[in-house]
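Shown next, in structure tokens, is the structure this report addresses.
A note on names: the letters A, B, ... follow the listed sequences, proteins ahead of strands, and every chain is numbered from 1.
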Amino acid sequence: MSEESRDGLEAVRAEKLRKIADLGIDPWGHRFDDHKAIAAVRAIDLPKPAEGETPEPGPAVRIAGRIMLRRGQGKVVFLEVRDWTERIQVFIGKKQVGDQAWALVDLLDLGDLIGVDGTLGYTKTGELTVFATALTFLGKSLAPPPEKWHGLTDQEERYRRRYVDLYSNPESLRTFLGRSTIVRTFRKVMEERGFVEVETPTMQAIAGGAAARPFVTHHNTLDIDLFLRIAPELYLKRLLVGGMERVFEIGRVYRNEGISPKHNPEFTMMEAYQAYGDYHAMMDLTEGLICASIEAVGGGFVRPWGEKTVDFTPPWPRRCYLDLLREHAGVDPDDYEAVKARAKAAGIATEGRDRDVVISDLFEATVEDALAGPVFVIDYPAAICPLTKRKASDPRVAERFELFVDGIELANAYTELNDPYLQEDLFRSQLAGQKEEDSMAKMDDDFVQALKNAMPPAGGLGIGIDRLCMLLLNKASIRDVVLFPLMRPQAARPAAAVDDESEI
RNA sequence: GCCCUCCUAGCUCAAUUGGCAGAGCAGCUGACUCUUAAUCAGCGGGUUGUAGGUUCGAGUCCUACGGGGGGCACCA
């Protein structure tokens, strides 16, 4: 951490900035219209001249971007300029641009932003190149960019200074543009299927709809504590009561729990509710959303996933929860003594705990990691699903599914419980062995009142956007698909001396 | 919260058993009008995350603290 050397490198660039201003050029640039995306420039069909042939003058192009590489050659310089679509080589000759522009070229650093007008053509070695006729300075980078070959590799720096990661690591930029493509695809598919996008409160007096600990915040004027939402579920279902038959929300939820490669304290979920649907309708929707996303980001249905491969070719199997437990845990779920014995062997407490809670723990311990998927796990034990409609044929079973891929839970959906009396009962009854703060059952009187106005039978769905992005973009950590993952604050850097820099 | 591990120049990385802190890139000076991580010659750049300790001597060993990564726990 040398303040001295950092200042040294910055001082050199600050001096160049001053010299650029001395040339009568604004070192912070201005509006620069009508430049082409570099990818579009590269897509221009310009035939390569044959050996020895004098090349035809190519089309005039205008580009803008960041200087990534510089190869000086006396009175000629080659730059690699990158924008958010591509990179391209720029040729600048002293004779071609004139003395005035050449004075500016001397003051260009890696990381600076420039606009280039020129003609498109090929160099002697056959590289597509913009032969500059004019330069426009668009922004001075006072900070030196990372090493030109390796980019920024330090994980911590990549997360803390994402702006550097994005411009220096094309793969990182590609990932976040891919995430944007996935979100856009979700909106498009939902719209095609007749859903409307809505926004519901993120600050809630009762943080319901999931089993998670909320963040607490405070409203000063009302002098009340509020929770950041852990799910939009209960508000979206109020909209079903109100007659909005197909709604969805793509939004941030906040859960005050651990951080891991699969968990960020704030993450993005899409929740959708469809009146007169059920969980099978939600499975079709889920498959449609994810398959459309795969087509949008490209790469086919058989996709790399770390060292593994995941085959997303639809349709995906739909497997019963208890069948999977039978297979992987090797016990008959109806024989609770056997289940308890198996749970104890797996290190799961059984004493004084609800039967379905023990079964759920055993499922997580023995089945989830083995689910290569994609696979819909369907028909959950009812006691662990307080917001879900029970099967008419068997009230011990809830009409719920979760979608798993390589042990990762990607989606969670129900046929929604719309019986207000049963909902109220389930809100009141805590399961034995579950702490209240960890329970999904939190009394929400207004929600029960809403159900008393008749909520249509419905299917509801939640999909973790971040995890889907991990899987489709092949990133091992959620922090690689969240632009600014939560980090501990660093100790403040000593404030730079203000007085002796003020003239710049 | 617990366990393991990492932190060396702006960036990417070396440094043998505890023995003079190094290289490449970037930067600066100079040469070069078709380069491809351009090349060539020269120069500058460090409180080895922080604070202690052991030692004749610590980047290296020990302790504490800070930050990161992985795992456990919690959760989606």
Side-chain angles (χ1 to χ4, degrees), chain A residues 1-13 15-16 55 68-80 87-97 102 109-111 121-129 131 141-161 164 168-169 209-214 230-231 253-269 347 361 364 368 402-404 407-412 435 437-438 440 462-468 470 476-480 485 487-492:
Chain A
M1 287 300 169
S2 165
E3 287 298 318
E4 241 176 291
S5 63
R6 192 207 328 270
D7 287 352
L9 291 172
E10 184 174 323
V12 169
R13 285 165 178 254
E15 175 63 14
K16 288 184 190 171
M68 302 308 293
L69 243 46
R70 179 194 168 105
R71 296 182 282 274
Q73 176 92 38
K75 295 182 175 58
V76 156
V77 65
F78 293 90
L79 302 179
E80 299 254 359
R87 56 155 288 277
I88 197 163
Q89 177 169 269
V90 171
F91 174 101
I92 307 171
K94 184 180 182 186
K95 205 170 70 188
Q96 288 83 346
V97 296
W102 191 251
D109 280 309
L110 299 186
Y122 293 96
T123 58
K124 282 179 185 169
T125 49
E127 169 140 5
L128 189 68
T129 299
F131 291 86
S141 177
L142 291 168
E147 213 256 1
K148 65 186 181 187
W149 188 242
H150 300 92
L152 191 63
T153 62
D154 182 83
Q155 291 282 61
E156 181 173 0
E157 288 297 299
R158 290 185 54 220
Y159 301 148
R160 286 192 196 277
R161 299 196 298 147
V164 177
S168 62
N169 296 322
R213 296 183 198 190
I230 57 175
V253 297
Y254 307 86
R255 299 189 181 177
N256 203 344
E257 277 144 9
I259 293 175
S260 86
K262 295 191 187 78
H263 302 262
N264 196 57
E266 54 177 314
F267 63 101
T268 302
M269 249 193 355
D361 281 355
E364 284 174 21
E368 287 191 2
E402 292 192 341
L403 173 65
F404 284 91
I408 298 173
E409 186 193 329
L410 254 192
N412 186 9
K435 281 178 281 187
E437 60 187 356
D438 296 335
M440 247 196 257
I463 297 184
I465 300 289
D466 312 84
R467 289 179 175 181
L468 178 63
M470 288 170 64
S477 171
I478 197 168
R479 296 183 203 94
D480 291 324
M487 303 287 276
R488 283 191 132 93
Q490 287 176 308

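- Heavy atoms of N264(A) sit under 4.0 angstrom from at least one base atom.
- Which of C74(B), G69(B), C34(B) sits closest to the side chain of K124(A) comes down to C34(B).
- With distances taken from any side-chain atom of L110(A) to the nucleotides U35(B), G71(B), A26(B), the minimum falls on A26(B).
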| Given the rule in the side-chain contact (heavy atoms from CB on, under 4.5 Å) test, do V90(A) and F78(A) qualify, once you have shown the distances and angles that lead to the verdict? | CA-CA 6 Å; V90(A) 171; F78(A) 293 90; over 6 Å; no
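- Between R71(A) and A38(B) there is a side-chain N or O to OP1 or OP2 distance below 4.0 Å.
- For K94(A), the side chain to side chain contact (heavy atoms under 4.5 Å, CB included) partners two or more places apart in sequence, or in a different chain, are K75(A), D99(A), W102(A).
- Candidate nucleotides G67(B), A37(B), U35(B) were compared by shortest atom distance to the side chain of E127(A), and U35(B) ranks first.
- Contact check, T153(A) against C13(B): a side-chain N or O comes under 4.0 Å of OP1 or OP2.
- Taking atom C1' in both C4(B) and C20(B), one finds a spacing of 35 Å when rounded to whole Å.
- For E157(A), the side chain to side chain donor-acceptor pair (under 3.5 Å) partners are R161(A), not counting sequence neighbours.
- Residue R70(A) places none of its side-chain N or O atoms closer than 4.0 Å to OP1 or OP2 of C25(B).
- Of all nucleotides listed (G27(B), A37(B), U33(B)), A37(B) comes nearest to the side chain of L69(A).
- Taking atom C1' in both C32(B) and G68(B), the straight-line distance is 45 Å, to the nearest Å.
- Side chain of R488(A), nearest nucleotide from G27(B), G67(B), U33(B): G67(B).
- Side-chain atoms of P261(A) lie closest to G71(B) of the nucleotides G71(B), C28(B), G69(B).
- Spacing of C1' atoms, G59(B) relative to U35(B), comes out at 40 Å, to the nearest Å.
- In this structure, K16(A) reaches the C28(B) phosphate: one of its side-chain N or O atoms is under 4.0 Å from OP1 or OP2.
- For RNA chain B, runs of at least 3 consecutive pairs of the Watson-Crick or G-U wobble type, with both hydrogen-bonding distances under 3.5 angstrom, map to B:1-7 with B:66-72, B:10-13 with B:22-25, B:27-31 with B:39-43, B:49-53 with B:61-65.
- When distances run from any side-chain atom of K148(A) to the nucleotides A37(B), G27(B), G69(B), the shortest one goes to A37(B).
- Remark: the separation of the P atoms in A38(B) and G27(B) is 10 Å, to the nearest Å.
- Across the C1' atoms, U48(B) and A23(B) are found 16 Å apart, a figure rounded to whole Å.
- Minimum atom distance to the side chain of Q73(A) is reached by A38(B), of the listed U12(B), A38(B), C74(B).
- In the set C74(B), U33(B), U35(B), U33(B) carries the atom at the smallest distance from any side-chain atom of K95(A).
- The two residues Y159(A) and S477(A) have their closest heavy-atom pair at OH-OG, 4.3 Å.
- The V76(A) side chain lies nearest to U33(B) when the options are U33(B), U35(B), G68(B).
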